[in-house]
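None of the values given here were measured: they were computed from a predicted structure.
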Amino acid sequence: MDTRQDDLRRDLDATLQARKELGPEYESELVDSFLARIDARLDARVERRVAERLGPADGYGPTEGYGRPGYGPRRFGRRSATRLPIVSLVLGIPLSAIAAESGGFLGLLVCWGGIVGVNVSSALAERIQEQRGAAAPKSDWDR
C-alpha cells in the first residue's frame with residue numbers, strides 16, 4: 001500500500017513541478033492528465049477486486065489453476081464453441097436452397113459436407129488448443 005501511495009505522490013509532485021515550469025496556462029491539461037492517471041489506477045484496482053470476488057466460475061478472472069485451461073474473459077472459451085454450429089445451421093438453410101436449386105441432390109450433399117467439415121475442424125482445433133494450453137508458457141499478453 002505504501003508503494004502505491006509513493007507512486008501517487010511522485011506523480012503529483014511531477015505534475016506540480018511541470019505546472020511551475022509551464023505556467024498556469026497549462027494547468028487544466030496537467031490536472032486532466034493527473035486525474036486520468038488516477039482514474040486508470042482506480043479502474044485497475046476495481047478490476048482486480050471484481051476478478052477476486054467473481055472468480056473463474058463466472059467466466060471472469062485468472063485462469064491458472066482452474067478447470068479447463070484458457071477458459072477466461074480474454075480467450076474464446078465455450079461461448080464461441082456454440083456460436084459456430086448455430087451460425088452454420090442458420091446459414092445452412094439458404095445455402096441448402098441455393099445448392100439444391102443449382103446442383104440438385106449432389107449440390108446439397110456438397111453444401112452440407114462443407115458445413116459439417118468446418119464444424120468438425122473447428123471442434124478439433126479447439127480441443128487441440130485446450131490440450132496445448134495447459135502446457136504452453138504464458139506470455140505477457142495473457143495477463
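- Between N119 and S88, the shortest heavy-atom distance links the atoms ND2-OG, 3.1 Å.
- Annotation: side chain to side chain donor-acceptor pair (under 3.5 Å) contacts involving residues 103-112, sequence neighbours excluded, comprise S96-W112.
- Cluster membership check: L108 shares its hydrophobic cluster with L89, using side-chain heavy-atom separations under 4.5 Å among Ile, Leu, Val, Met, Phe, Trp and Tyr.
- Listed by chain and number, the residues in a side chain to side chain donor-acceptor pair (under 3.5 Å) with R37 are T15 (sequence neighbours excluded).
- Under the side-chain contact (heavy atoms from CB on, under 4.5 Å) criterion, L12 pairs with L16, F34, sequence neighbours left out.
- Pairs passing the side chain to side chain donor-acceptor pair (under 3.5 Å) check and including a residue from residues 23-34, sequence neighbours excluded, read R19-E27.
- A distance of 11.5 Å separates CG in L106 from SG in C111, rounded to the nearest 0.5 Å.
- For R9, the side-chain contact (heavy atoms from CB on, under 4.5 Å) partners two or more places apart in sequence, or in a different chain, are D13.
- For R10, the side chain to side chain donor-acceptor pair (under 3.5 Å) criterion is met by D7, not counting sequence neighbours.
- Other cluster members for I93: none, since no ILVMFWY side-chain heavy atom sits under 4.5 Å from it.
- Annotation: side chain to side chain donor-acceptor pair (under 3.5 Å) contacts of R41 (sequence neighbours excluded): D11.
- Heavy atoms from other residues, nucleotides or ligands lying under 6.0 Å from CZ of R127 number 12 at most.
- With side-chain heavy atoms closer than 4.5 Å counting as contact, directly or through intermediates, the hydrophobic cluster containing L124 also holds V116, V120.
- The CD atom of Q17 lies 10.0 Å from the CG atom of L22; values are rounded to the nearest 0.5 Å.
- The distance from atom CG of L91 to atom CD1 of I86, rounded to the nearest 0.5 Å, is 12.0 Å.
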